[in-house]
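Since the structure comes first, as structure tokens, the remarks are kept for the end.
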There are 2 protein chains.
Amino acid sequence: MGPNVDRRPPVMADVARLAGVSHQTVSRVLNDHPNVRAETRTRVLRAIDQLGYRRNLVARALVTKHSRTLGVVSFDTTLYGPASTVYGIEQAARDAGYFVSIVSLRTIDRAGVNDAIGYLAEQGVDGIVVVAPQRSAARALDDLPAGMPAVAVEGWHQGDVSVVSVDQVEGAKLATSHLLDLGHETVWHVSGPADWLEAEGRIEGWRAVLTAAGRPIPDMLTGDWSPRSGYQAGKQLAAMAGDVTAVFVANDQMALGLLRAFTEEGVKVPEQISIVGFDDIPESEFFSPPLTTIRQDFGAVGRRSIDVLLRQIESGGALPHERLVVPPQFVLRASTAVAPR
Amino acid sequence: MGPNVDRRPPVMADVARLAGVSHQTVSRVLNDHPNVRAETRTRVLRAIDQLGYRRNLVARALVTKHSRTLGVVSFDTTLYGPASTVYGIEQAARDAGYFVSIVSLRTIDRAGVNDAIGYLAEQGVDGIVVVAPQRSAARALDDLPAGMPAVAVEGWHQGDVSVVSVDQVEGAKLATSHLLDLGHETVWHVSGPADWLEAEGRIEGWRAVLTAAGRPIPDMLTGDWSPRSGYQAGKQLAAMAGDVTAVFVANDQMALGLLRAFTEEGVKVPEQISIVGFDDIPESEFFSPPLTTIRQDFGAVGRRSIDVLLRQIESGGALPHERLVVPPQFVLRASTAVAPR
DNA sequence: TCCAAAGATGTTAACGCTAACATCATCCGG
DNA sequence: CCGGATGATGTTAGCGTTAACATCTTTGGA
């Protein structure tokens, strides 16, 4: 209606003119300032509606110094763990009225993480979450821009940054103890890649339980989290069937690979070998046999990390750094049984 | 060194002062403007380095009207498909020098998608990718803010928006034909939920092949993409073993559920029943038996969608809308065999 | 009834940057 | 050796918003 064929979108001044008020009053209406007459408010609202006005958050951010945007740096968001964590982060952030700008690293190294953090800082994010599961990446948090609120997820850190993570050591202990409780003499371990903090934590927990029980610590096999690497480890372990009666695998995907290898080699799970995984991906319950595993509540980790970050932002950075641990949960299914013979 | 304990970060003017030039010259250096003397450039660069200056992209965006940020609206980025697509999008965007701001919807409906698009528009994104696998969501693209470049991924659309997607119908045909070629009389189908465009496309392809071959079209079972729903469908199908010899399942996760149900019921795959899945998730190769499936190249979809979107942005919106189709790929593994008897 | 306090609105000045134009120094060919 | 073209730099004016202050209008109690 009308010759309203302006090419560029309306701005506050346009709304103000149409409503017959000053642009500041429009701003007040938009920001729920109390001192605006009800009648004026509705007049402004009507004008906004009529023009299809949308405020320009970029201009707002320039003056307020807050973009209400959070940065997230992550690694391979294709994997179930990172994907779920980032999802939890995004949900929690949006519930709190924040946007999320994501940088997904292809390879993770200190320089890459640093670059990502730098970009996000230029972009004016109010805070940064680094999903830093590797030692090298975690170290990048040492040279964060001054005054930038940040939180590390699944990271390890001694320095001055808050950390939220699942208790990997505890999870590994749960898994290993369960197998020992079933009467197995000892427990083998297929670990994740060396540089990963989660892999280290799981190794630590596994070793601790074995040591405490005075059991021999078998040679460790190392995978790369992929089903294929688990399959390869499985082939090796199958060759030792008889010696090996229980395996704690560092994640469910590798456990699937083991299961496949054992099936091919005619090794029965759990009759001959018991297996415990880690993560509890949605598929695990339907493996053959259904996988006993350790559940990580990634969603909770994401949410808690946003809690911590927002608290830090709102406190103006005057808050002590926190270390928040989310407990893992043991999930009993059908891939474990009492030791044979 | 020195009393440089200013609380707030340095701005261009600070750099200019230190380098003994005007702020505009600093801007020129930062934007690689040619007309700057080499000596001046290095002086400015040194000053930038010394102060630890980072440019403020918010201020820049305000004047240039470009934020170099792309918005992504997606649904449940926890699933392998959306997660991989979004990952591809993010990588391609960053390679092109763009940031990505993500909104992950919990539930997908027209209003939700519209809100998300609205938020992103206020935030000043240069374009929007909507991963809209559901009819209701795809329709939200009808009321996009005027002049906002956009592309729908895995979406269906007649209107004026570009679409990038995998050819679902073709994929389903590949799967169904393969089973027919193995001598099966007909092929059963476990579909995805009704409102999903992918589910519809797969049903269409399945029906088309059966119809063309003059085969009876069995009653369709419907799942919700989850392994559990596949498990339930599997239980039903197992009860009909003998009648049922071939099943095309709309995704790999449900196929896993079928496999589990069949194992429990003593139905042998592929000896008694052949199964073809869809997606080719990383786990499929290690199912028991390894799953014959249709691979979707989600990464390619993500990349192509960014290609299309950037072309649209750079052309100033004067470009015709494209419809880009990524072909699916048949992956033969061990879950299919010639029909029994 | 009058005045101070509170409420409603307007005016002006940033925020940090780039675009556009202005100015000065330098270069080269006739 | 001069004058216009070119290169190098500076100056000014916004971008669209909120903060801070100024102004005018109400309101309520002595």
Side-chain angles (χ1 to χ4, degrees), chain A residues 6-45 47-48 51-69 97 99 119 121-126 145, chain B residues 6-45 47-48 51-69 119 121-126 145:
Chain A
D6 252 350
R7 264 287 152 266
R8 63 154 193 16
V11 299
M12 230 176 224
D14 300 322
V15 175
R17 202 171 312 115
L18 180 60
V21 298
S22 76
H23 65 113
Q24 181 61 256
T25 298
V26 177
S27 171
R28 288 193 180 101
V29 170
L30 250 26
N31 294 300
D32 290 313
H33 190 99
N35 292 355
V36 178
R37 204 149 41 103
E39 193 268 335
T40 309
R41 183 183 306 276
T42 61
R43 197 144 37 89
V44 168
L45 255 19
I48 287 177
L51 293 177
Y53 167 78
R54 309 216 64 135
R55 61 181 151 191
N56 183 330
L57 294 183
V58 172
R60 196 240 269 274
L62 180 59
V63 44
T64 62
K65 312 275 193 194
H66 301 301
S67 60
R68 291 201 79 81
T69 296
F99 289 95
Y119 292 140
E122 287 188 345
Q123 210 204 7
V125 297
D126 294 344
Chain B
D6 251 350
R7 264 288 151 264
R8 65 158 192 10
V11 299
M12 231 176 224
D14 299 324
V15 176
R17 200 171 313 117
L18 181 59
V21 297
S22 77
H23 64 116
Q24 182 61 256
T25 298
V26 178
S27 171
R28 288 193 181 100
V29 170
L30 250 25
N31 295 301
D32 289 313
H33 191 97
N35 292 353
V36 178
R37 203 148 44 100
E39 193 267 334
T40 308
R41 183 183 306 276
T42 60
R43 196 144 38 88
V44 169
L45 255 20
I48 286 177
L51 293 177
Y53 168 78
R54 310 218 66 135
R55 62 182 152 187
N56 181 332
L57 294 183
V58 171
R60 196 240 271 273
L62 181 59
V63 42
T64 62
K65 314 273 192 195
H66 301 300
S67 60
R68 291 201 80 81
T69 296
Y119 290 141
E122 287 187 343
Q123 210 203 8
V125 298
D126 294 344

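Chain identifiers are assigned alphabetically (A, B, ...) following the order of the sequence lines, protein sequences preceding nucleic acid strands; residue numbering begins at 1 within each chain. These numbers come from the heavy atoms of this one structure, side chains and all, not from hydrogens, waters or symmetry mates.
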Just the rounded figure in Å: distance from [atom2] of [N] to [atom1] of [X].
{"X": "Leu57(B)", "N": "dC17(C)", "atom1": "CG", "atom2": "C1'", "result": "10 Å"}
{"X": "Leu30(A)", "N": "dT9(C)", "atom1": "CG", "atom2": "P", "result": "15 Å"}
{"X": "His33(A)", "N": "dT17(D)", "atom1": "NE2", "atom2": "P", "result": "18 Å"}
{"X": "His66(B)", "N": "dG16(D)", "atom1": "NE2", "atom2": "P", "result": "13 Å"}
{"X": "Glu122(A)", "N": "dT18(C)", "atom1": "CD", "atom2": "P", "result": "11 Å"}
{"X": "Arg17(A)", "N": "dG10(C)", "atom1": "CZ", "atom2": "P", "result": "14 Å"}
{"X": "Leu51(A)", "N": "dG16(D)", "atom1": "CG", "atom2": "P", "result": "14 Å"}
{"X": "Glu39(B)", "N": "dT9(D)", "atom1": "CD", "atom2": "C1'", "result": "13 Å"}

Does a side-chain N or O from [X] land closer than 4.0 Å to OP1 or OP2 of [N], or not?
{"X": "Thr25(B)", "N": "dG10(D)", "result": "yes"}
{"X": "Ser27(B)", "N": "dT18(C)", "result": "yes"}
{"X": "Tyr53(B)", "N": "dG16(C)", "result": "no"}
{"X": "Asn35(A)", "N": "dG7(C)", "result": "no"}
{"X": "Arg37(A)", "N": "dG7(C)", "result": "no"}
{"X": "Arg55(A)", "N": "dG16(D)", "result": "no"}
{"X": "Thr40(B)", "N": "dA8(D)", "result": "no"}
{"X": "Lys65(A)", "N": "dT18(D)", "result": "no"}
{"X": "Arg60(B)", "N": "dT18(C)", "result": "yes"}

Counting only side-chain heavy atoms from C-beta out, which of [options] sits nearest to [X]?
{"X": "Thr64(A)", "options": "dT18(D), dG16(C), dC21(C)", "value": "dT18(D)"}
{"X": "Val36(A)", "options": "dG16(D), dG10(D), dT9(C)", "value": "dT9(C)"}
{"X": "His23(B)", "options": "dT12(D), dT9(D), dG16(C)", "value": "dT12(D)"}

Exercise for the section: Mind checking Val58(B) for me? I need base, sugar-phosphate or nothing, with any heavy atom below 4.0 Å counting as a touch. Expected result: nothing
Practice task
Just call it for Asn56(B): base, sugar-phosphate, or nothing, with non-hydrogen atoms closer than 4.0 Å on any strand.
Solution key: sugar-phosphate
Exercise for the section: Would you kindly check whether a donor in the side chain of Arg8(B) faces an acceptor in the base of dG16(C), or vice versa, at under 3.5 angstrom? Expected result: no
Donor-acceptor contacts under 3.5 Å from residues 59-66 of chain A side chains, at least two apart:
unit_1   : atom_1 : unit_2   : atom_2 : d
Arg60(A) : NH1    : Asn31(A) : OD1    : 3.1
Thr64(A) : OG1    : Arg60(A) : O      : 3.0
Thr64(A) : OG1    : His66(A) : N      : 3.2
Thr64(A) : OG1    : His66(A) : O      : 3.2

Completion exercise
Of Gln24(B) and Val63(A), the one whose closest nucleotide on DNA chain C sits nearer the 5' end is Val63(A)
Completion exercise
Rounded to 10°, the helix from dT1(C)-dA30(D) to dG30(C)-dC1(D) deviates from straight, judged by its five-pair end axes, by 40°
Taking C-beta and beyond as the side chain, do [X] and [Y] meet within less than 4.5 Å on heavy atoms?
{"X": "Val29(A)", "Y": "Leu45(A)", "answer": "yes"}
{"X": "Val36(A)", "Y": "Val44(A)", "answer": "no"}
{"X": "Arg68(A)", "Y": "Leu57(A)", "answer": "no"}
{"X": "Ser27(A)", "Y": "Met12(A)", "answer": "yes"}
{"X": "Tyr53(B)", "Y": "Leu18(B)", "answer": "no"}

Practice task
Hey, which sits more toward the 5' end of DNA chain D by its nearest nucleotide, Arg28(B) or Arg28(A)?
Solution key: Arg28(B)
Exercise for the section: Map Ser22(B) and Arg54(A) onto DNA chain D by nearest heavy atom, then report which one ends up closer to the 5' terminus. Expected result: Ser22(B)
Practice task
Say whether, by atom type as modelled, one donor and one acceptor occur between the side chain of Arg43(A) and the main chain of Ala19(A) under 3.5 angstrom.
Solution key: yes
Problem - Donor-acceptor pair between Thr69(A) and Gln123(A) side chains, under 3.5 angstrom - result: no
Handout entry: Minimum heavy-atom distance Gly124(B)-Ser67(B), with the two atoms named
Key = O-OG, 2.6 Å
